[in-house]
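From a predicted model like this one, the values you see are computed outputs, not experimental measurements. Numbers for residues simply follow the sequence, beginning at 1.
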Amino acid sequence: MTLQDFIDMAIDNYYDCYVWDNEKEEQVFCGELADIPEEFLEQEFSSWEIDNGRIGLNIN
């Protein structure tokens, strides 16, 4: 499943989220689902979580 697939299934694109890159071991985006940069949308993600009311998406 890609990040775009996840966003397409979301009820609302205005949820706060962050994207964590497992290979770089760092956060690469923080904002709203609707604002995730194009460069990440087609990447597969390995897991997701809810952390302090934000959706965390982990990419490989």
Side-chain angles (χ1 to χ4, degrees):
M1 176 178 260
T2 66
L3 289 181
Q4 184 64 57
D5 295 333
F6 185 89
I7 292 169
D8 290 344
M9 291 189 309
I11 295 170
D12 187 353
N13 285 342
Y14 298 102
Y15 288 113
D16 286 333
C17 72
Y18 62 90
V19 176
W20 180 268
D21 188 318
N22 291 326
E23 290 178 4
K24 295 179 180 177
E25 296 183 357
E26 66 182 21
Q27 182 175 296
V28 292
F29 172 78
C30 184
E32 295 180 348
L33 284 175
D35 297 328
I36 294 175
E38 293 272 333
E39 64 190 89
F40 301 127
L41 294 180
E42 293 304 317
Q43 292 193 21
E44 299 283 326
F45 72 96
S46 58
S47 63
W48 66 277
E49 64 190 12
I50 302 290
D51 181 34
N52 293 322
R54 295 185 313 158
I55 299 171
L57 301 161
N58 300 309
I59 60 174
N60 294 327

Approximate separation, where rounding is to 0.5 Å, of Leu3 CG and Ile59 CD1
6.5 Å

Once you round to the nearest 0.5 Å, how far does CZ of Phe6 lie from CD1 of Ile36?
8.5 Å

If you compare all heavy atoms of Gln43 against all heavy atoms of Asn60, which two are closest, and at what distance to 0.1 Å?
OE1-O, 4.1 Å

Contact summary for Trp48 and Leu57, nearest pair of heavy atoms:
CB-CD2, 3.7 Å

Residues two or more places apart in sequence or in another chain: which of them pass side chain to side chain donor-acceptor pair (under 3.5 Å) with Asp35?
none

Using the side chain to side chain donor-acceptor pair (under 3.5 Å) rule, collect all pairs that involve residues 50-59, keeping only residues at least two apart or in two chains.
Ser47-Asn58

For residues 8-21, which residue pairs qualify under side chain to side chain donor-acceptor pair (under 3.5 Å), counting only residues two or more places apart or in two chains?
Gln4-Asp8, Tyr18-Glu49

Which residues satisfy the ring-ring contact (aromatic ring centres under 6.0 Å, His included) test with Phe40, sequence neighbours excluded?
none

With Glu38, which residues qualify under side-chain contact (heavy atoms from CB on, under 4.5 Å), at least two apart?
Leu41

Name all residues meeting the side-chain contact (heavy atoms from CB on, under 4.5 Å) criterion together with Met9; count only those two or more places apart in sequence or in a different chain, and write none if there are none.
Met1

Using a 6.0 Å cut-off, check whether atom CD of Glu23 has over 12 heavy atoms from anything other than its own residue.
no

